[in-house]
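In each ligand, atom 1 is the first atom listed, and ligand 1 is the first ligand listed.
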Amino acid sequence: MKTYAPKLSFEFFPTRTPEGRAKQVVTRKQLSQFRPDFFSCTSGAGGSTREGTLQTVQDILNEGTPAAPHLPCIGMDAGEIKELLQQYKQMGVRHLVALRGDIPSGIGSGMGGLRYANELVELVKNEFGNDFHIEVAAYPEYHPQSRSAEDDINHFVRKVKAGADSAITQYFYNADAYFRFVDDVQGRGVDIPIVPGIMPVASFSKLARFSDACGAEIPRWLRLKLQSYADDTAAIKALALDVVTEMCARLLREGAPGLHFYTLNQAGLSSTICQRLGY
Ligand code: FAD
């Protein structure tokens with residue numbers, strides 16, 4: 001198994017208002033103290049947040065941190081994707097998160113030309129060679145639409161073999177699922193870094209809704225315990241901080257190549273976890 005210097009990155013989503021944009025600058029400044037390898041910015045499938053993502057990426061670059069735009073390919077044709085990649089390249093972007101994206105209702109899965117992330121990775125490699133470091137998504141608890149665990153692993157391996165340089169996982173609260181996934185794909189010749197995606201918990205109800213949709217499991221004991229705190233957000237945050245920090249510490253101790261935080265545009269919880277971990 002190869003070893004890597006632990007990586008650190010933080011994810012944002014584009015804001016809609018000038019106030020949101022200004023607040024995000026402050027949030028990133030707080031998180032910059034941990035010297036992240038990059039800040040990433042999500043993007044809506046079908047180009048739905050295109051301007052906001054471009055603006056956020058430009059802001060990040062202006063602040064002097066490498067930026068990694070997320071690029072969901074569904075709902076875009078190859079020409080549009082190439083144009084966008086060219087624009088990113090000219091801006092100075094060297095890092096991408098290549099995704100399929102979630103199909104917006106009303107859009108057929110074949111409409112945009114590309115159907116799966118492996119096809120996007122191939123397109124980036126064919127058209128741009130090594131101009132971009134390509135991240136792909138990994139699902140230690142398996143993608144909710146996959147036909148089987150085995151099928152999902154095969155598709156992940158195919159995406160890596162198409163030229164992905166590293167991967168970021170969907171969030172999880174069960175480190176064993178992550179280690180099992182890494183073992184399984186390494187057994188099939190994958191040796192790129194697979195960085196755990198970390199979701200700090202601010203609100204139980206929102207997390208529960210989101211987790212059901214994306215197929216991430218909240219372990220029963222944690223779900224029940226968080227539920228029992230009802231509206232006591234301080235208690236929810238305190239328990240979740242302990243649980244997530246302990247999981248991060250174990251992940252790093254046992255060989256995870258770094259951490260990627262889903263910040264939800266907030267610095268507080270991610271900062272506390274990084275501080276506790278000694279970043
Ligand atoms: P794929 O790797 O294409 O997989 C999608 C599904 O199809 C899986 O079930 C897989 O098993 C199956 N599959 C894959 N290849 C094939 C094939 N060749 N033939 C048949 N089946 C196949 N979404 C956004 O819209 N915007 C974002 O900014 C965004 N950022 C994300 C960041 C991270 C780190 C992660 C983990 C997810 C992100 N998502 C984002 C969500 C992601 O787009 C969804 O989970 C989406 O449903 C799958 O994207 P993917 O790139 O993993 O797809």
Salt bridge (Lys or Arg N to Asp or Glu O under 4.0 Å) between K125 and D131, worked out: CA-CA 8 Å; K125 278 285 166 198; D131 289 346; over 6 Å; no

For ligand 1, find out whether one of its N or O atoms is nearer than 3.5 Å to an N or O atom of [X].
{"X": "D102", "value": "yes"}
{"X": "E11", "value": "no"}
{"X": "H70", "value": "yes"}
{"X": "H155", "value": "yes"}
{"X": "G101", "value": "yes"}

Using a strict 4.0 Å threshold on nitrogen-to-oxygen distance, state whether [X] and [Y] make a salt bridge.
{"X": "D232", "Y": "K237", "value": "no"}
{"X": "K7", "Y": "D37", "value": "no"}
{"X": "D102", "Y": "R100", "value": "yes"}
{"X": "R250", "Y": "E246", "value": "no"}
{"X": "D77", "Y": "R115", "value": "no"}

For ligand 1, which part of [X] has a heavy atom less than 4.0 Å away: the side chain, the backbone, both, or neither?
{"X": "Y142", "result": "neither"}
{"X": "Y139", "result": "side chain"}
{"X": "A117", "result": "both"}
{"X": "N118", "result": "side chain"}

Quick one: look up the protein heavy atom nearest [atom] and list residue, atom name and how far away it is.
{"atom": "atom 8 (C) of ligand 1", "result": "H143 ND1, 3.4 Å"}
{"atom": "atom 4 (O) of ligand 1", "result": "Y116 CD2, 4.6 Å"}
{"atom": "atom 33 (C) of ligand 1", "result": "Y262 OH, 3.8 Å"}
{"atom": "atom 40 (C) of ligand 1", "result": "L99 CD1, 3.9 Å"}

Which donor-acceptor pairs under 3.5 Å do the side chains of residues 258-265 make with protein atoms, sequence neighbours left out?
unit_1: H260; atom_1: ND1; unit_2: S9; atom_2: OG; d: 2.7
unit_1: H260; atom_1: NE2; unit_2: E11; atom_2: OE1; d: 2.8
unit_1: Y262; atom_1: OH; unit_2: T169; atom_2: O; d: 2.7
unit_1: T263; atom_1: OG1; unit_2: E11; atom_2: O; d: 2.5
unit_1: T263; atom_1: OG1; unit_2: N265; atom_2: N; d: 3.0
unit_1: N265; atom_1: OD1; unit_2: F13; atom_2: N; d: 3.0
unit_1: N265; atom_1: OD1; unit_2: Q24; atom_2: NE2; d: 3.4
unit_1: N265; atom_1: ND2; unit_2: F13; atom_2: O; d: 3.0

What atoms of ligand 1 come within less than 4.0 Å of a heavy atom belonging to [X]?
{"X": "Q170", "value": "36 (C)"}
{"X": "S146", "value": "9 (O), 11 (O)"}
{"X": "R158", "value": "18 (N)"}
{"X": "T42", "value": "28 (O)"}
{"X": "D152", "value": "8 (C), 9 (O), 10 (C), 11 (O)"}
{"X": "A137", "value": "35 (C), 36 (C), 52 (O)"}

Heavy atom of S43, distance to ligand 1 below 4.0 Å: yes

Heavy atom of R115, distance to ligand 1 below 4.0 Å: no

Centroid separation F39 to F12 less than 6.0 Å: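 Yes.
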
With a 4.5 Å limit on heavy-atom distance, are the side chains of S166 and V195 in contact?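 Side chain of S166 against side chain of V195, heavy atoms only: no contact under 4.5 Å found.
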
Min side-chain heavy-atom separation L84-E80 under 4.5 Å: no

Evaluation steps, side chain to side chain donor-acceptor pair (under 3.5 Å), between H155 and S146: CA-CA 9 Å; H155 291 311; S146 59; over 6 Å; no

Checking K161 side chain against F156 main chain: does a donor-acceptor pair fall under 3.5 Å? no

Taking atom CD1 of I192 and atom NZ of K159, what is their separation to the nearest 0.5 Å?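 NZ of K159 is found 9.5 Å from CD1 of I192.
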
Name the option, out of E135, K159, R100, H260, that contains the heavy atom nearest to atom 2 (O) of ligand 1.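 It is K159 that holds the nearest heavy atom.
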
Does the protein put a heavy atom less than 4.0 Å from atom 51 (O) of ligand 1?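 Under 4.0 Å from atom 51 (O) of ligand 1, at least one protein heavy atom found.
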
Do R188 and N154 get their side chains close enough for a donor-acceptor pair, meaning under 3.5 Å? yes

